[in-house]
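This report concerns only the one structure given below.
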Number of protein chains: 2
Amino acid sequence: MKYELILKNISRFIDLNQEEQDLYISLLKEKTLKKKEILLRPGEIARYDYFTTKGCLKIYTIDENGTEHIAMFAIKDWWSGDLASFITQQPAKYFIQAIEDSEVLLMPKENYDLLFEKIPKFERFYRILYQRSLVSHIQRSDQNISLNAEDRYREFLKKYPSLRNRISQKNIAAYLGVTPEFLSLLRKKMTLL
Amino acid sequence: MKYELILKNISRFIDLNQEEQDLYISLLKEKTLKKKEILLRPGEIARYDYFTTKGCLKIYTIDENGTEHIAMFAIKDWWSGDLASFITQQPAKYFIQAIEDSEVLLMPKENYDLLFEKIPKFERFYRILYQRSLVSHIQRSDQNISLNAEDRYREFLKKYPSLRNRISQKNIAAYLGVTPEFLSLLRKKMTLL
DNA sequence: GTAATTTCTTAATGTACATTATTTTTCTCT
DNA sequence: AGAGAAAAATAATGTACATTAAGAAATTAC
């Protein structure tokens with residue numbers, strides 16, 4: 001059923017009995033999203049953490065030149081949100097938008113806080129989740145500094161194989177930190193080899 | 001005394017009674033480092049997490065062109081290590097080196113694992129530590145993509161005000177992802193304004 | 001305390017990627 | 001299905017930063 005995926009995601013790191021599972025699920029909300037629907041805008045307070053069960057979200061900023069920078073794509077089975085705003089309840093810096101028709105489960109901030117009281121095991125779950133997330137962010141920071149655009153594109157393809165033909169090159173370019181024109185050039189050059 | 005700083009660091013997020021403090025401290029080792037001393041090299045297994053009590057470490061990689069990329073500086077009161085290697089016990093990707101005479105406390109991997117059994121509160125400590133660390137890494141990834149070198153230098157000065165005149169420009173350049181020559185130019189230009 | 005080494009500065013030239021503009025192709029909406 | 005909008009391709013020109021080189025200044029080492 002609907003909650004199978006998220007329970008399986010959690011069971012990677014901690015075991016929940018039936019009662020705990022029911023309690024956990026009772027803390028979630030859900031939402032169906034049309035393509036282009038926006039979940040969060042800069043300046044708003046992030047009230048939710050998101051778990052994608054279908055479709056794809058993008059988490060991005062728009063800089064002072066109007067250029068879009070995509071921090072991550074949240075596909076099925078991925079967590080996302082503006083963590084800084086969610087935790088501190090200060091204004092968000094990120095947009096979160098569906099780039100396909102999507103379905104998400106939402107963990108409201110007040111329930112997230114409650115979770116650690118009700119089921120302290122979740123300290124462990126998030127300890128491990130954040131730990132792994134940190135490892136992959138450290139890796140990406142390193143890649144952004146040490147790889148050129150072509151190699152970053154190859155890394156993108158490794159990390160998100162399902163997205164290659166599913167999303168626009170414009171979005172891929174905004175994730176890589178290059179212009180769509182340059183990505184177009186790169187792809188042409190790469191198919192010639 | 002010697003452990004005041006680290007206990008204070010921990011008490012930001014959890015409260016430990018005397019017994020827990022003593023147990024925690026019994027799990028630590030300590031080490032005095034000469035400038036240039038290396039704590040970890042790529043290919044080795046990261047056996048420790050480090051807490052700097054004095055001096056400064058750099059955590060860095062050397063890419064296939066021989067260019068050094070500094071992921072972070074670990075000054076007094078900062079945690080550091082090759083997290084991926086420490087967690088998975090796979091070969092490290094990073095060098096860790098003292099860039100000043102330094103002192104560190106070490107948490108060995110086997111004691112780190114033990115810690116969560118002995119004092120489950122540490123799940124919470126690391127949950128919050130990784131959460132905050134994640135927030136600052138997300139911010140740096142974003143800055144590396146959206147800011148030019150001059151603005152990244154200003155961010156560096158904000159993040160590590162104490163390092164401005166303490167470490168070489170070569171190290172600062174390797175942190176910013178530019179050549180020392182270009183940083184020299186930038187600084188000249190910035191003082192003229 | 002002086003030689004050797006490393007770091008810093010300055011400058012000329014080179015390159016990866018941006019910008020702008022135009023055309024072609026694909027997607028979206030009714 | 002067809003009109004309008006958005007995305008992609010191509011190409012000319014521009015710019016932030018890299019590379020190379022050489023001399024000056026600072027640091028390290030014996």
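In the text below, chain A, chain B and the rest are named by the order of the sequence lines, each starting its count at 1. Only heavy atoms go into these numbers, but all of them, side chains included; no hydrogens, no water, no symmetry mates.
For the 3.5 Å distance criterion, the side chains of B:Gln21 and B:Asn17 fail to qualify, holding no donor opposite an acceptor.
When the nucleotides C:dT7, D:dA21, C:dT19 are ranked by their closest atom to the side chain of A:Glu181, C:dT19 comes out on top. Of the candidates D:dA9, C:dT10, D:dA8, D:dA9 carries the atom nearest the A:Ser184 side chain, counting heavy atoms from C-beta on. Closest to the side chain of A:Thr179, from the set C:dA21, C:dA11, C:dA18, is C:dA18. Between C:dA11, D:dC17, C:dT19, one nucleotide has an atom nearer to the side chain of B:Phe182 than all others, and that is D:dC17.
Side-chain atoms of A:Ser184 do not come within 3.5 Å of backbone N or O of A:Pro180 as any donor-acceptor pair. With B:Glu117 contributing its side chain and B:Leu114 its backbone, the two residues share no donor-acceptor pair below 3.5 Å.
Taking every heavy atom of both residues into account, B:Leu40 and B:Ala46 meet most closely at CD1-CA, 3.9 Å.
In this entry the distance linking CG of A:Asn148 with P of D:dC17 reads 16 Å, nearest Å. Regarding A:Leu185, its CG atom lies at a distance of 14 Å from the C1' atom of C:dT15, rounded to whole Å. Atom C1' of nucleotide C:dC8 and atom NZ of B:Lys188 are separated by 12 Å, given to the nearest angstrom. Between the CG atom of B:Leu183 and the P atom of D:dA18 there is a distance of 10 Å, given to the nearest Å. Here C:dT10 presents its C1' atom at 15 Å from CZ of B:Arg187, a figure rounded to the nearest Å. When the P atom of D:dA6 is taken as reference, atom CD1 of A:Ile167 falls 19 Å away, rounded to whole Å. Atom CZ in A:Arg152 sits roughly 13 Å away from atom P in C:dA16 (whole-Å rounding). In this structure, the NZ atom of B:Lys189 is 13 Å from the P atom of D:dT15, given to the nearest Å.
If you take CG on B:Asp82 and OH on B:Tyr48, they are separated by 15.0 Å, rounding to the nearest 0.5 Å.
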Please assess A:Tyr130 against B:Gln131 for the test side-chain hydrogen bond (donor to acceptor under 3.5 Å, both in side chains), listing each intermediate value before the final yes or no. CA-CA 6 Å; A:Tyr130 292 146; B:Gln131 188 176 70; 3.2 Å; yes

Does the pair A:Arg152 and A:Glu155 meet the rule for a salt bridge (charged side-chain N to carboxylate O under 4.0 Å, His left out), with working shown? CA-CA 5 Å; A:Arg152 293 204 304 280; A:Glu155 289 298 325; over 6 Å; no

Walk me through it: do A:Lys58 and A:Glu68 pass the test salt bridge (charged side-chain N to carboxylate O under 4.0 Å, His left out)? CA-CA 11 Å; A:Lys58 66 176 174 183; A:Glu68 180 179 321; 2.8 Å; yes

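Between B:Glu100 and B:Arg166 a salt bridge is recorded (basic side-chain N to carboxylate O distance below 4.0 Å).
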Which atom pairs link the protein and nucleotides 24-30 of chain D when you take only N or O atoms and keep those under 3.5 Å?
from: D:dT28; atom 1: OP1; to: B:Lys35; atom 2: NZ; distance (Å): 3.0

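Using a 4.0 Å cut-off on heavy atoms, the residues of residues 169-178 of chain A that approach DNA chain D are A:Gln169, A:Lys170, listed by number.
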